[in-house]
Amino acid sequence: MLDIKFIRAEPALVQAGAAKKRIAVDVDAILALDKQVRELGVVIDDMRSRQKSASKRIGEAPAAERPRLAEEQKREKAALQEQEREHSALQARLRELLLRVPNVPAAEVPEGRDDSENVEVKRWGTPRSFDFEPRDHIALGELHDWIDVERGARIAGSRNYFLKGDLSLLEGAVLRFALDRMVAKGFLPMSVPTLVRSDVMVGTGYFPGGVEQAYRCDERDDLCLVGTAEVPVTAYHQDEILDGQSLPRKYVAWSSCYRREAGTYGKDTRGLYRVHQFQKVEQVIVDVADPARSLAHHHDIVRNAEEVLEAFELPYRVVNVCGGDLGAPQVQKFDIETWMPSRRAYGETHSASRFHEYQARRLNLRYRDPEGVVRVCHTLNNTVAASARMLIALLENHQEADGSVRLPAALRPYMGGRERIGAR
RNA sequence: GGAGAGAUGGCUGAGUGGCCGAUAGCGCCGGCUUGCUAAGCCGGUGUACUCCGCAAGGGGUACCGAGGGUUCGAAUCCCUCUCUCUCCGCCA
């Protein structure tokens, strides 16, 4: 959420930012409503002030006088209550609108309509040229009985799966490697709730825009399954005022992630690329409100992910996500795409975002600076490793003609020292 | 699931209808005292919105877990909910 004061000061900037993101917003209408809310607020504050002093006088008046004075106050009160009802309706409407105002994208965000216009900023490694007909991960999974999508679908519907044997172990190895690496960099590991209240989904910016993408419990419990550990970790300090000295806070969390994938019928239906549940190690940073520091963190968290891919010996590229492909909350986003032979393309495996105040303001996540001033924090996050897609890349890139899969050196200690899996 | 107790400012903890945005202590900040430190003394110390002011600053309103209600007036009374703790039951 943007600061309403910022919107008042820079309406054109906000309107232009929304346009760059291809998100419809009427800034003028919001400002008109804001003005209305404030004007009525002044009236109400004034009425309450009179009400309070009148009540005080009644308390001090002789008992005989009180009933008559109270009677007068009753009429005043009715008028006040009517204004209050009007005011809170307007405030609620304003908040609804504000929750949908997108964050202003950075100048470095490229213009563009959709992901086809994202701009590649880096490429590492070279996609391997096979001297045999490479299998896709599903074929490899069937060959070794590592993946069972049929029973997954029978148990839980389409886009659900079982991982078995060495692939299940490999999933754990990938995630644990990623986690260990981040801990070594000073990130605090956390185990987190994956079922959260919907105000946390609003706070992190997923709601109201992304309600369709989240699994929700029924009306007995106001809880949602998170699509990423970013949600509980970023909301960890909700409603707190942190000591500025304690920032930045760097967290890393391993969690299951749940996505409804509404509106993706017929898209990526084969295999583990687009699934309803997967596991992910996520890095989150909370820091002071300094755009330069946020930017530096952004580069760092991208680099952290790159190092994991390099350790896995997987070719990747980094793209600067264009305005039209950017979500409402982000200032800027870099996606890392890893080479996937079956797609004959790079597929998104990581997403690194910086938000400035957008999430923190919704979460009421603040800190006290050295001068004692309370400010809203900045937040950022990025994937470190996400299980299903990382497994696709590892299987497909490191497969051999006989269907076995070579393990990169980094993963061997996590796989009992083995150099390959699926050897016959 | 059953029974009970609770939720107040950074923390501890008073406050059962008007004198309470809230006693006191601790912590923190400033000052004084003092070879240094410790102790002591004095003062200050919540958040949000809003109005006035160039500013320093000042005024108003709201907030005592959340939401409703009673009342001229609610931290205080009533209702609902959430959370915490204790005991019992069940259970990974």
Side-chain angles (χ1 to χ4, degrees), chain A residues 1-9 30-99 101 191-203 216-224 232 235-247 249 256 286 288-289 357 360-377:
Chain A
M1 189 159 64
L2 295 175
D3 188 353
I4 181 66
K5 289 174 186 164
F6 174 75
I7 301 176
R8 279 178 211 147
I30 288 170
L31 289 179
L33 182 56
D34 167 54
K35 185 156 179 269
Q36 215 182 336
V37 167
R38 273 189 296 160
E39 284 170 356
L40 188 51
V42 171
V43 171
I44 286 173
D45 280 359
D46 193 50
M47 289 173 86
R48 281 180 181 156
S49 179
R50 288 205 307 272
Q51 190 86 2
K52 277 175 81 162
S53 50
S55 291
K56 201 163 276 186
R57 279 199 303 277
I58 293 174
E60 289 159 355
E65 290 281 306
R66 289 185 193 180
R68 185 181 57 79
L69 293 169
E71 195 54 39
E72 281 170 27
Q73 275 313 106
K74 237 174 179 163
R75 283 194 294 276
E76 290 284 319
K77 193 192 174 191
L80 172 58
Q81 280 177 324
E82 197 182 317
Q83 300 280 45
E84 280 176 333
R85 271 191 295 276
E86 169 74 5
H87 190 237
S88 57
L90 289 174
Q91 274 181 314
R93 177 72 191 133
L94 179 60
R95 179 172 168 79
E96 258 170 57
L97 292 177
L98 284 175
L99 283 175
V101 175
S191 300
V192 299
T194 51
L195 210 45
V196 302
R197 283 202 304 272
S198 53
D199 66 271
V200 168
M201 298 297 282
V202 173
R216 307 180 82 162
C217 291
D218 65 28
E219 59 286 345
R220 289 174 303 171
D221 304 288
D222 173 35
L223 295 170
C224 308
Y236 181 65
H237 294 294
Q238 180 174 28
D239 291 323
E240 292 183 36
I241 299 177
L242 300 171
D243 178 1
Q245 300 292 316
S246 73
L247 298 173
R249 304 267 183 124
S256 289
V286 177
V288 297
E357 297 186 348
R361 183 172 295 280
R362 288 168 169 245
L363 288 166
N364 196 217
L365 163 48
R366 297 171 295 171
Y367 69 99
R368 203 177 295 277
D369 77 7
E371 284 80 46
V373 179
V374 174
R375 298 182 191 283
V376 178
C377 292

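In what follows, chains are A, B, ... by sequence order, proteins preceding strands, each numbered from 1.
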Undergrad: Please list residues of residues 191-202 of chain A whose heavy atoms come under 4.0 Å from any atom in RNA chain B, ordered by number; otherwise none.
TA: none
Undergrad: From C-beta outward on A/Q51, which listed nucleotide comes closest to its side chain: B/C51, B/C72, B/G18?
TA: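 For the A/Q51 side chain, the nearest candidate turns out to be B/C72.
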Undergrad: Looking at A/K5 and A/D3, is any side-chain nitrogen of the basic one under 4.0 Å from a carboxylate oxygen of the acidic one?
TA: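 Salt bridge between A/D3 and A/K5, a charged N being under 4.0 Å from a carboxylate O: no.
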Undergrad: Would you call A/R93 and A/E96 a salt bridge, using N to O less than 4.0 angstrom?
TA: yes
Undergrad: Looking only at non-hydrogen atoms, find the nearest pair between A/S198 and A/C224 and report the distance.
TA: CB-SG, 4.0 Å
Undergrad: Please state the C1' separation for the pair B/A75 and B/G6 - nearest whole angstrom.
TA: 15 Å
Undergrad: Could you check how far NE2 of A/H87 sits from C1' of B/C49, rounded to whole Å?
TA: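 So the two atoms are 9 Å apart, to the nearest Å.
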Undergrad: What nucleotide among B/A48, B/G18, B/U50 has an atom nearest to a side-chain atom of A/R366?
TA: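 Closest of the options to the side chain of A/R366: B/A48.
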Undergrad: Applying side chain to side chain contact (heavy atoms under 4.5 Å, CB included), run through A/D369 and A/V288 and close with a yes or a no.
TA: CA-CA 8 Å; A/D369 77 7; A/V288 297; over 6 Å; no
Undergrad: Name the closest nucleotide to the A/V374 side chain, picking from B/A48, B/C72, B/C51.
TA: B/A48
Undergrad: What does the B/S/- profile of nucleotides 59-64 of chain B look like, 5' to 3', with a 4.0 Å heavy-atom cutoff to protein?
TA: -BSS--
Undergrad: For residues A/L98 and A/L2, determine if any side-chain heavy atom of one lies less than 4.5 Å from a side-chain heavy atom of the other.
TA: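 A side-chain contact is absent here, since even the closest heavy-atom pair is not under 4.5 Å.
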Undergrad: Toward the 5' end of RNA chain B, which comes first, A/G41 or A/K56, by nearest nucleotide?
TA: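 Of the two residues, A/K56 wins.
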Undergrad: Got A/H237 and A/R249 here, is their nearest side-chain heavy-atom distance under 4.5 Å?
TA: yes
Undergrad: Output a table of donor-acceptor pairs, distance under 3.5 Å, between side-chain atoms of residues 72-82 of chain A and any protein atom two or more places apart or on a different chain; print 'none' if there are none.
TA:
unit_1, atom_1, unit_2, atom_2, d
A/E72, OE2, A/R68, NH1, 3.3
A/Q73, NE2, A/Q51, OE1, 3.3

Undergrad: Determine whether A/D243 and A/R368 make a side-chain contact, defined as any pair of heavy atoms from C-beta on separated by less than 4.5 Å.
TA: no
Undergrad: Please tell me which of A/K5 and A/A54 maps to the more 5' nucleotide of RNA chain B, matching each residue to the nucleotide holding its nearest heavy atom.
TA: A/K5
Undergrad: Going from CZ on A/R366 to CD1 on A/I241, what distance comes out if it is rounded to the nearest 0.5 angstrom?
TA: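 Reported value, rounded in 0.5 Å steps: 4.0 Å.
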Undergrad: I'd like the P distance from B/A62 over to B/G25, given in whole Å.
TA: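 Those two atoms are separated by 28 Å.
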Undergrad: Between B/U37 and B/C32, how far apart are the P atoms? Round to whole Å, please.
TA: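 To the nearest whole Å, 13 Å.
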Undergrad: Need one value for A/R8: base, sugar-phosphate or nothing, where a base atom within 4.0 Å counts as base even if backbone is also close, heavy atoms only.
TA: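 Sugar-phosphate contact only - A/R8 comes under 4.0 Å of backbone atoms but never of a base.
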Undergrad: For A/E86, check salt bridge (charged side-chain N to carboxylate O under 4.0 Å, His left out) against everything at least two apart and list the hits.
TA: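 None.
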Undergrad: What's the CZ-C1' distance between A/R375 and B/U47, to the nearest Å?
TA: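 So the two atoms are 16 Å apart, to the nearest Å.
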Undergrad: So A/Q91 and A/L94, side chain to side chain contact (heavy atoms under 4.5 Å, CB included) or not? Walk me through it.
TA: CA-CA 5 Å; A/Q91 274 181 314; A/L94 179 60; 5.6 Å; no
Undergrad: Round to a whole Å and report the spacing from CG of A/D239 to C1' of B/G46.
TA: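 Taking CG of A/D239 and C1' of B/G46, I get 15 Å after rounding.
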Undergrad: What interatomic distance, in whole Å, is found between P of B/U45 and the corresponding atom of B/G10?
TA: 14 Å
Undergrad: Can you name the nearest heavy-atom pair linking A/G244 to A/Y367, along with the distance?
TA: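 Taking every non-hydrogen atom into account, CA-CD1, 4.0 Å.
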Undergrad: Which is it for A/L31 and A/R8 under the side chain to side chain contact (heavy atoms under 4.5 Å, CB included) test, yes or no, and what are the steps along the way?
TA: CA-CA 7 Å; A/L31 289 179; A/R8 279 178 211 147; 3.8 Å; yes
Undergrad: By the 4.0 Å heavy-atom rule, please label A/R57 as base, sugar-phosphate, or nothing.
TA: nothing
Undergrad: I would like to know whether A/H87 and A/V37 meet side chain to side chain contact (heavy atoms under 4.5 Å, CB included); could you show each step before the answer?
TA: CA-CA 6 Å; A/H87 190 237; A/V37 167; 3.6 Å; yes
Undergrad: When the distance from NZ of A/K77 to P of B/U71 is rounded to whole Å, what number comes out?
TA: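 After rounding, the gap between these two atoms is 7 Å.
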Undergrad: Nearest whole Å is fine: how far is B/U50 C1' from A/Q91 CD?
TA: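 A/Q91 atom CD is separated from B/U50 atom C1' by 11 Å.
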Undergrad: Tabulate atom names and distances for all N/O pairs under 3.5 angstrom spanning the protein and nucleotides 7-10 of chain B.
TA:
none

Undergrad: According to the Watson-Crick and G-U wobble definition with distances under 3.5 Å, which dot-bracket string, read 5' to 3', encodes RNA chain B, using [ ] for crossing pairs and | for pairs with another strand?
TA: ((((((((.[[[..)..(.....]]]((((((.......))))))(((((((....))))))).[[[[[..)....]]]]])))))))....
Undergrad: With rounding to the closest Å, how many angstrom separate the P atoms on B/A38 and B/C26?
TA: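 16 Å, rounded to whole Å.
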Undergrad: Base, sugar-phosphate alone, or nothing: which one does A/L69 contact when heavy atoms must sit under 4.0 Å apart?
TA: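 The answer is nothing, as A/L69 stays clear of every strand by at least 4.0 Å.
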Undergrad: Taking the same atom, C1', in B/A92 and in B/U84, what whole-Å distance lies between them?
TA: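 Roughly 23 Å separates the two C1' atoms.
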Undergrad: Please state the C1' separation for the pair B/A14 and B/G89 - nearest whole angstrom.
TA: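 Approximately 38 Å lies between the C1' atom of B/A14 and that of B/G89.
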Undergrad: Below 4.5 Å, heavy atoms only, C-beta onward: do A/M47 and A/E84 meet side chain to side chain?
TA: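 When only atoms from C-beta onward are counted, A/E84 and A/M47 do not touch, as no gap falls below 4.5 Å.
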Undergrad: When the distance from CD of A/Q81 to C1' of B/G69 is rounded to whole Å, what number comes out?
TA: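 Result: 11 Å.
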Undergrad: Within this structure, what is the CG-to-P distance between A/L80 and B/U71, rounded to whole angstrom?
TA: 15 Å
Undergrad: Quickly work out the A/R38 CZ to B/A48 P distance and round it to whole Å.
TA: 17 Å
Undergrad: Using a strict 4.0 Å threshold on nitrogen-to-oxygen distance, state whether A/K56 and A/E60 make a salt bridge.
TA: no
Undergrad: Tell me whether the OP1 or OP2 atom of B/G73 has a side-chain N or O from A/K74 closer than 4.0 Å.
TA: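 For B/G73, neither OP1 nor OP2 has a side-chain N or O of A/K74 closer than 4.0 Å.
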Undergrad: When rounded to the nearest Å, what value does the distance between C1' atoms of B/C52 and B/C42 take?
TA: 33 Å
